[in-house]
Amino acid sequence: MVEAFFEWFPTTWLGMFFGVEQTALFYFIAIVAMILVIVLPLLIAVAFTVYFDRKIWAAVQMRRGPNVVGPFGLLQSFADGIKLFLKETIIPSGANKVIFLLAPMITFTLALIAWAVIPFGEGMAVANLNVGVLYILAISSLGVYGIIMSGWASNSRYAFLGSLRSAAQMVSYEVSIGFVLVCVLMAVGSLNLSDIVVAQQGSILNWYIWPFLPIYVIFFISTLAETNRPPFDLPEAEAELVAGYQVEYSSMAFALFFLGEYANILLMSAVMAILFLGGWYAPLEALDFIPGWIWLLAKTAFGFWMISMVKAFVPRYRYDQLMRLGWKVFLPISLFLVIFYAGVMMYAGWLPK
Amino acid sequence: MISLPVLAFYLFAAATIGAAVMVISAKNPVHSVLWLILAFFSAAGLFVLLGAEFLAMLLVIVYVGAVAVLFLFVVMMLNINYEELREGAQSYLPIGGLVGVILLIELIMMGISWQFGADVTVNAAQPTPMLTEVQNTEALGRVLYTDYIFIFQSAGLILLVAMIGAIVLTHRTRSGVKRQSIARQNARRPEDAYGLVDAEVGAGATIPTKKGQGERP
């Protein structure tokens, strides 16, 4: 994608306008254009994701869900967005203003920049990093800062308690996510996300979900905790903490948190699709004529559907149970599985060269 | 015109130094930690520019993602009186300065040996294995898990011992604390907790004496 873009771009009117090829300015504009190609559809996808989330939730509870704005209520998220946009941004008088406003921006930005390494097809990533998996891990571990800063800067007890919960929760579940990734990486022999997908080439039988099923389950549940989704949405637990770290936020600042959260959920669904569900490959080789990015989107949607269903029918965990699950259940199991898979691959000679 | 990598280097370097200065000069300790995070992050950017992307990601994951979060956690929870904290700062100036000077001398010595050392030019010109052939991560792994395996493992052991030591030192067994036993909680059935009693009209019910044995009156 990148090389094709660099060949294509100078032939367009914008490229001719700049005349010389491959100057610093050229690369700058080309990269900005590529980022926009990812980010704008992503934001629209997030808007519809919120809508689908509400619809799925409503369907499980035998309600109608949003059905007023636009056909089938499809424009509900945009109406909500306009409403939030027009509202006043309230900054509490006791708040630390700079950090208070910085926090939602950080959450939102981090949710977007992680998409840079997601390969939407063969070579279709903004940055095809050699350490793509570590990049995802690094960005998702940075995500905690938006929440912890918002909680502290709000100068409110509810917000602070919510942010402390969130920090502890995200740090704990990152450990098991790390071990899950190690298992997959051992089978692939590369930290590059494209290489991970290529290693699953072929039909649905070659996908990593089959050999790594227990790992997949652990990753899925850890994803729920990492993105603060129910049943692990304790940072915002409205019954105890009103809305946790979001309690003092209004208007666009709140909207940024909300969008960032859903962009993160979509990201983790996409990572799940790449690690376990064969990324851009079709389930049957006969279906390969459909472009890869459509398959990736379909698999991401499937991941999101599962996350949404969990929200609909699982009650919220208690906080000590959450911590116990992370440290006393998932950590030993995933540690054992790392050694188990390493041993099996070692003796069967399945380790990549 | 200045090239893009050079521009990026100066940007990251300026951010690192500026953030590092702010770490020690910020009034609020929470701000200090936030500046420290920015310094870590810019240093990771410098690593990327050097072509050491694995180290950069590790710096972000370990230091920014875990260590600094705990820093921030602790600093936010402490209710520090900043004025009081500032008062004694002058008396620590000599020892702080001494540590700073020693660090500076060590860095200068390292720079000198990097410039004029015997094998340095050979090693720098030909790192093993060549960076063009294998990836960063693989190159590091090959060295760490072969030549330096014992040093690497003992570093890990030292960390483990430190961790156990910290737990042993801070752990205290208090008496009279009610703890939950997850196994007992999970093994508990509704029948153990309550029983149904049919009460006749106007007669009332006899309350079962023992838990879990709601017999009919």
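First the proteins, then the strands, lettered A, B, ... as listed; each starts at 1. No experiment lies behind these values; they were computed from the predicted model shown.
- Residues B:G65 and A:S141 come closest through the heavy atom pair CA-OG, 3.6 Å.
- At a heavy-atom separation below 4.5 angstrom, chain B is approached by A:D320, A:R324 within residues 320-336 of chain A.
- Within the model, atoms CD1 of A:I148 and CE of B:M76 stand 5.0 Å from one another, a figure rounded to the nearest 0.5 Å.
- Without hydrogens or angle criteria, A:Y145 side chain to B:L34 main chain gives no donor-acceptor distance under 3.5 Å.
- Around CZ of A:R157, the count of heavy atoms belonging to other residues, nucleotides or ligands within 6.0 Å does not exceed 12.
- When side chains are defined from C-beta on, A:L142 counts as touching B:F41, because their heavy atoms get closer than 4.5 Å.
- Contact of B:A44 with chain A is not made at all, since no heavy-atom distance falls under 4.5 Å.
- The local environment of CZ in B:F40 is crowded, with over 12 non-hydrogen atoms from other residues, nucleotides or ligands closer than 6.0 Å.
- The 12-atom threshold is not exceeded at OH of A:Y317, counting heavy atoms of other residues, nucleotides or ligands nearer than 6.0 Å.
- Heavy-atom contacts from other residues, nucleotides or ligands closer than 6.0 Å to CD1 of B:I95 number 12 or fewer.
- Of the atoms belonging to B:L70, not a single heavy atom falls under 4.5 Å from chain A.
- Every residue meeting the ring-ring contact (aromatic ring centres under 6.0 Å, His included) condition with B:Y145, not counting sequence neighbours, appears here in chain and number order: B:F152.
- Counting heavy atoms of neighbouring residues, nucleotides and ligands inside a 6.0 Å radius, atom OH of A:Y319 exceeds 12 of them.
- Residue B:M57 forms a side-chain contact (heavy atoms from CB on, under 4.5 Å) with just one option from A:L191, A:L134, A:I139, and that option is A:L134.
- Around the CH2 atom of A:W115, the shell of radius 6.0 Å holds more than 12 heavy atoms that belong to other residues, nucleotides or ligands.
- Crowding of A:F100 atom CZ: a count of heavy atoms from other residues, nucleotides or ligands under 6.0 Å exceeding 12.
- Interface remark: A:I99 contributes side-chain atoms only to the contact with chain B (heavy atom separation under 4.5 Å).
- When A:G189, A:A138, A:A168 are compared by the number of non-hydrogen pairs under 4.5 Å with chain B, A:A138 comes out ahead.
- Residues forming a side-chain contact (heavy atoms from CB on, under 4.5 Å) with B:R184 (at least two apart in sequence, or on another chain): B:S181.
- At a heavy-atom cut-off of under 4.5 Å, chain B is reached by A:V171, A:E174 from residues 169-178 of chain A, listed in order of number.
- Rounding to the nearest 0.5 Å gives a distance of 4.5 Å between CZ of B:F73 and CG of A:L164.
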